[in-house]
Amino acid sequence: MSTSNSLNAGALFGPKVRECSMKDRERVFFLLGMMFKAGSTTEKSLRNVASAFEIEKKKDISQGLYAMAQRVAQGVPLSLAMQAEPVLFHSVHRAAVMAGEASNKMYESFKTMQQLEKKRMTQSSAGLSELLTPTALMVMSFASLMNTGLNTLPVVAESLQSQGKQVPMLTKTVISIAGFLGDNWIFIAAFLATLIGIVFTMSRSADGRYWIDYYLLRIPIYGQYLAFKVYSNMLMYFPPMVEAGVRPKQMIPIMEAMADNKVLKSRIDIFNRVLTTGGQMSEAMEKSGFPEIVVTPMRISENYTSADDGVNDVMIEGMHHSYNIIERYMNDIHKRFISISSVILWIMGGALMLTEMLSIMFGQSG
């Protein structure tokens, strides 16, 4: 496909990237960062990276980048051009680029995004490997229990009844549950499909999405991780902007792009209102839900200003410190969530296996 055709396809038919692996996204960030470091313009950077992916036969990514290059050539900022490819560039990526545009540090922004994507890959790989074995155990134990309840135990129960013996309660319970699931699996599948459809429909409306996001934040451990992730992103991109002289009020559109969760976005709105009405950064962070241990360094730093260039070096240092605290919290939460999930899956799989064994043993001894 020629460059011209790629541009037209991207411009006419909307988003081109329907699916993107973390590995490909990390490479996009790396290559764009290298282009900016080499001093290339935004348009040229997008075209060169698009050409590289076109050679690799990844035409969806290539076409998406070509379409973005065309929009940039028409005077659209990169952060806005990224909106056309929501699968390739999430809202937090757009916020990072907005921060890079405001502070004139595009290379640093893409380098940070690349490092974050590498971290996501590491966490995802570690979490998947730790959950894969207990999940497989639970699924196989459930399948084995269903097979036993539908085929083996009914024969055992008939044998006991023909001998005038009573069928043990556990054996009857397994037979009843397996029989109910086997006879009504179509209705159960239809119910689950309907439930998924309802949730999907809710997610397309503002009110429905708000309530879904509200209950996501109520999930133990995981909800706290979602909130801390947004706070971490804010603290990551604040320092270079403050250092470049960007005023807090100018950060508002950047912060608004950092949260997909509607509830967290409302907290950012509180943050923005405090700054807009002349409040201090620490006050805005406190009222929008930042942990107190993160707010304290900011509160201490607000009374200091460098005598040389007017940049509050202490505040920048405080932001870095607060970011490190949030990152430690997030790592601990991620490990705890994976560990607890793994234990629950092991227990569920073991319980199903034990139930199957006991139902057979009680049936044979009855």
What pair of heavy atoms forms the shortest contact from L65 to A50, and how long is it?
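The answer is CB-CB, 3.6 Å.
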With [X], which residues qualify under salt bridge (charged side-chain N to carboxylate O under 4.0 Å, His left out), at least two apart?
| X | answer |
| --- | --- |
| E158 | none |
| R71 | none |
| E101 | none |
| K58 | D24 |

Would you tabulate the side-chain donor-acceptor contacts of residues 195-212 under 3.5 Å, counting partners in other chains and residues two or more places apart, or write 'none'?
{"unit_1": "T201", "atom_1": "OG1", "unit_2": "G197", "atom_2": "O", "d": "2.8"}
{"unit_1": "S203", "atom_1": "OG", "unit_2": "F200", "atom_2": "O", "d": "2.5"}
{"unit_1": "S205", "atom_1": "OG", "unit_2": "M202", "atom_2": "O", "d": "3.1"}
{"unit_1": "S205", "atom_1": "OG", "unit_2": "G208", "atom_2": "N", "d": "3.2"}
{"unit_1": "R209", "atom_1": "NE", "unit_2": "D213", "atom_2": "OD1", "d": "3.2"}
{"unit_1": "R209", "atom_1": "NE", "unit_2": "D213", "atom_2": "OD2", "d": "3.3"}
{"unit_1": "R209", "atom_1": "NH2", "unit_2": "D213", "atom_2": "OD1", "d": "3.1"}

May I ask you to check whether Y225 and F337 place their ring centres under 6.0 Å from each other?
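No, ring centres 6.0 Å or more apart.
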Mind checking what makes side chain to side chain donor-acceptor pair (under 3.5 Å) contact with [X], not counting sequence neighbours?
| X | value |
| --- | --- |
| T194 | none |
| S91 | D260 |
| S288 | none |
| Q224 | none |

For M22, what are the other residues in its hydrophobic cluster, where any two members join if their side-chain heavy atoms are less than 4.5 angstrom apart?
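Direct or chained contacts put M22 with M121.
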Would you mind listing the cluster partners of W185? Hydrophobic ones only (ILVMFWY), side-chain contacts under 4.5 Å, chaining allowed.
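Grouped by the 4.5 Å side-chain rule, I186 form the rest of the cluster around W185.
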Could R120 and E117 be called an ion pair, given the rule that one side-chain N must be under 4.0 Å from one carboxylate O?
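Judged by the 4.0 Å cut-off on N to carboxylate O distance, R120 and E117 do form a salt bridge.
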Any pair counted as salt bridge (charged side-chain N to carboxylate O under 4.0 Å, His left out), so long as it reaches residues 277-301, sequence neighbours left out
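Pairs touching residues 277-301 that pass the test: E283-K287, E286-R299, E292-R299.
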